[in-house]
Number of protein chains: 2
Amino acid sequence: MTASPTPRVTIKDVAARAGVSKGAVSLAFNHKPGLAEATRDRIFAAARELGWEPSVSARSLAGARVDVVGLAICRPARLLGLEPFYMDFISGVESVLTEHSCSLLLRLVRSLEEEVGLQESWWKGRIIGGAILVDLRADDPRVPAVERLGMPAVAVGHPSLAGGLTAVWTDDATAVTEAVRYLSALGHRRIARVGGAVALGHSGIRTAAFDEAARGVGLVGVSQVATDFSGDEGARATRSLLSVSGSERPTAILYDNDIMAVAGLSVAAEMGLSVPGDVSLLAWDDSQLCRLTRPTLSAMSHDVHGFGVDVARTLFGVIGGGAESHPVATPVLVPRGSTAPPKG
Amino acid sequence: MTASPTPRVTIKDVAARAGVSKGAVSLAFNHKPGLAEATRDRIFAAARELGWEPSVSARSLAGARVDVVGLAICRPARLLGLEPFYMDFISGVESVLTEHSCSLLLRLVRSLEEEVGLQESWWKGRIIGGAILVDLRADDPRVPAVERLGMPAVAVGHPSLAGGLTAVWTDDATAVTEAVRYLSALGHRRIARVGGAVALGHSGIRTAAFDEAARGVGLVGVSQVATDFSGDEGARATRSLLSVSGSERPTAILYDNDIMAVAGLSVAAEMGLSVPGDVSLLAWDDSQLCRLTRPTLSAMSHDVHGFGVDVARTLFGVIGGGAESHPVATPVLVPRGSTAPPKG
DNA sequence: AATAGGGACTTTACCGGTTCAGTAAGTGGT
DNA sequence: ACCACTTACTGAACCGGTAAAGTCCCTATT
């Protein structure tokens with residue numbers, strides 16, 4: 001990547017044109033005191049006429065701030081396109097960054113080790129001013145690594161996973177409990193859950209909460225399946241759950257995202273089971289998708305875009321000297337057409 | 001964004017530790033000739049021991065290449081989360097960048113003017129080594145701007161929109177024609193199209209192609225509606241198209257993306273029309289979504305991930321000295337459950 | 001009138017790399 | 001034994017900014 005831009009216009013040219021020194025131009029552009037109003041104007045005029053803007057490289061080399069935030073995602077590339085969650089989350093982050101004239105440096109990685117190396121080189125290379133860590137796991141190697149670097153960061157996940165980093169999280173345990181209570185209140189005794197990758201910290205939290213909530217309301221048949229979040233695995237899991245003979249078959253299924261719930265819906269249809277008559281389905285994340293199906297999908301609704309916004313704001317807080325860990329609004333149950341009391 | 005990293009280790013430290021000059025370290029790290037094997041090894045060992053990596057800022061200031069590719073997207077942030085297209089496209093781009101140890105600099109912008117300014121400052125600030133331009137319009141202001149900067153770029157869109165830039169595009173006209181011919185062959189005489197934003201260049205191309213293809217096969221009732229690509233507008237458009245009285249009502253609808261097609265499916269259901277009995281629906285972009293609905297959606301299928309891959313490869317070609325404009329594979333029709341001959 | 005203080009700039013020393021013109025030692029040919 | 005050529009490496013200039021220290025001049029104070 002070489003390629004030469006049009007003859008480079010630098011701070012020197014601007015200074016010359018405005019009849020001042022480089023230092024003066026620097027002062028003007030950083031809104032620092034010590035310049036006469038008239039001079040300032042002359043400098044800006046000169047810069048505008050020459051189409052100059054400060055080189056970020058030079059600036060950051062000289063020890064100024066960096067206007068980029070890093071986000072590495074460790075999931076297979078093809079899955080990302082399908083999950084409404086990430087794009088929605090990212091768009092929330094972006095909307096805050098944009099206000100601050102910041103950009104997002106995005107990178108897909110294949111392993112956490114790779115991500116650790118990446119964050120380190122981004123930070124050491126002064127490319128980013130802070131980072132967002134997603135998909136936190138138990139004993140996540142990124143946490144100590146980022147702490148050691150002293151890089152401002154926000155960990156998206158429960159504080160128990162985030163070590164000393166500032167964390168922003170959704171209270172999955174409470175939400176799962178609410179979901180289970182709701183289904184139980186409708187009369188369901190046999191509830192299954194199609195969960196996400198076990199490696200992820202929040203999967204563990206949800207799994208434990210589901211078990212506990214199920215015990216709490218005295219459910220009899222409880223089963224949980226782990227998947228990779230894809231529609232295909234969601235369909236497969238649903239098929240295996242619903243293939244159980246009559247009275248053992250779950251009458252309600254809770255999904256960890258909406259893609260899998262949509263897949264579950266068509267599996268039910270293909271097996272000749274009616275939703276919500278024979279089986280109730282409850283989605284998670286509630287993107288627009290849930291309102292586009294027949295029946296519409298009840299979901300644990302969650303403002304993912306707003307989540308991204310909150311995380312980005314928090315990161316700016318951390319960079320600016322400190323921000324507290326905090327949960328975002330707990331997902332709320334939005335009943336729609338896919339949940340009802342079990343038949344009989 | 002200030003915050004100081006752990007005491008900085010620089011090239012000087014590495015040089016001192018290896019007992020050579022800065023220049024030698026630079027040579028080693030850029031794999032340039034003129035160093036003895038033993039010295040090279042000593043330098044790398046020293047660097048590893050100190051955990052050093054070259055500062056990108058300093059490096060790019062000193063005139064080396066940049067390992068970042070820019071991508072600005074000009075659509076409302078909330079819409080992005082819903083469109084499988086972009087995330088899929090991006091994941092394709094990423095997968096190539098990763099091979100080259102490059103990162104993607106992503107930014108949502110609100111207007112093309114803002115994007116022009118952004119690309120300019122990214123380029124002038126030596127932040128990016130090249131860019132990808134998406135959502136090309138007629139007389140797109142970004143094209144001359146990028147050409148003037150002399151920045152390597154790939155325009156995603158028909159060459160007629162791309163000026164002198166290297167373009168990569170899908171042959172929408174042929175695909176639309178194929179879709180129309182297919183529906184016509186099934187016996188449909190009254191076909192509607194729910195298109196995307198009129199401002200986008202490819203919408204114009206599809207609209208024109210649709211008209212021409214319709215004329216070509218002698219259709220009688222043809223109507224096209226423009227939307228913003230969202231499920232809501234897709235639903236609204238479908239509702240208004242299907243509200244027409246009996247014999248005037250279209251018997252087939254072609255959508256510009258899959259989200260709208262899914263929305264159309266539930267509108268049909270809510271209006272008591274059977275798919276494909278009363279009306280056939282044909283989607284575009286064919287994400288996993290199309291296989292998750294009942295009936296499954298026939299679609300103009302398109303390897304979006306692969307499209308991203310191709311675009312990224314082409315960009316590296318451009319940066320490396322030249323690459324030809326070329327189309328990617330034309331979307332192919334994948335018939336599924338939502339299309340059939342009209343009743344009667 | 002002498003001095004202190006402050007505003008408005010300029011000077012200069014980096015920041016951490018790259019690059020290129022040297023230079024010193026080694027090799028081979030005659 | 002001398003010269004021409006490599007090979008391996010050093011030193012210094014430079015990239016485009018920032019920041020701290022320095023200069024100059026003008027006004028207010030004692």
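We name chains A, B, ... by the order of the sequence lines, and we start the count at 1 in each one. This is a predicted model, so every value here is computed, not measured.
- The listed nucleotides are D:dT18, C:dG17, D:dG17; the one nearest the side chain of A:N30 is D:dT18.
- Legend: residues meeting side chain to side chain donor-acceptor pair (under 3.5 Å) with A:S121, ordered by chain and number and at least two apart, are absent.
- The interatomic distance linking B:I11 (CD1) with D:dA12 (P) rounds to 16 Å, in whole Å.
- Nearest heavy-atom pair across A:L136 and A:A155 is CD2-CB, 3.8 Å.
- A:V328 meets the side chain to side chain contact (heavy atoms under 4.5 Å, CB included) test with A:V168, A:T170, A:F307, A:D310; sequence neighbours excluded.
- Residues B:R107 and B:W122 meet the side-chain proximity criterion, which asks for heavy atoms closer than 4.5 Å.
- Ranked by how close their nearest DNA chain C nucleotide is to the 5' end, B:T10 and A:T39 are led by A:T39.
- The nearest whole Å value for the distance from the CG atom in B:L50 to the C1' atom in C:dG16 is 15 Å.
- In this model, the phosphate group of C:dG16 is not approached by any side-chain N or O of B:W52 to a distance below 4.0 Å at OP1 or OP2.
- One can place CG of B:L35 at 15 Å from C1' of C:dC20, the figure rounded to the nearest angstrom.
- Neither OP1 nor OP2 of C:dG17 sits under 4.0 Å from any side-chain N or O of B:S60.
- Contact check of residues 14-29 of chain B against DNA chain C (heavy atom, cut-off under 4.0 Å) returns B:K22, B:G23, B:S26.
- Rounded to whole angstrom, the span from the NZ atom of A:K12 across to the C1' atom of C:dT12 amounts to 14 Å.
- Note on ring orientation: taking the six-membered ring where Trp is involved, the planes of B:F89 and B:F85 are parallel (angle under 30°, cut-offs 30° and 60°).
- Residue contacts for A:S57: at a heavy-atom cut-off of 4.0 Å it reaches no nucleic acid atom on any strand shown.
- The nearest whole Å value for the distance from the CG atom in A:L61 to the P atom in C:dA13 is 18 Å.
- Axis deviation across the helix from C:dA1-D:dT30 to C:dT30-D:dA1 amounts to 50°, comparing end segments of five pairs, rounded to 10 degrees.
- Position along DNA chain D of the nearest nucleotide to B:A58 versus B:A36 favours B:A36 as the more 5'-ward residue.
- Of the possible polar contacts, none joining the B:D41 side chain to the B:A38 backbone as a donor-acceptor pair under 3.5 Å is found.
- The interatomic distance linking B:I43 (CD1) with C:dG17 (C1') rounds to 14 Å, in whole Å.
- The NZ-C1' distance, from A:K32 to C:dA8, rounds to 16 Å in whole Å.
- The closest donor-acceptor contact from the side chain of A:E147 to the backbone of A:G164 lies under 3.5 Å.
- Pairs of residues two or more places apart, or lying in two chains, that qualify as salt bridge (charged side-chain N to carboxylate O under 4.0 Å, His left out) and include a residue from residues 14-39 of chain B are B:R17-B:E49.
- Listed by chain and number, the residues in a side chain to side chain contact (heavy atoms under 4.5 Å, CB included) with A:S325 are A:T166, A:A167, A:W169 (sequence neighbours excluded).
- Comparing D:dA19, C:dG16, D:dC15 by their closest approach to the side chain of B:S55 singles out C:dG16.
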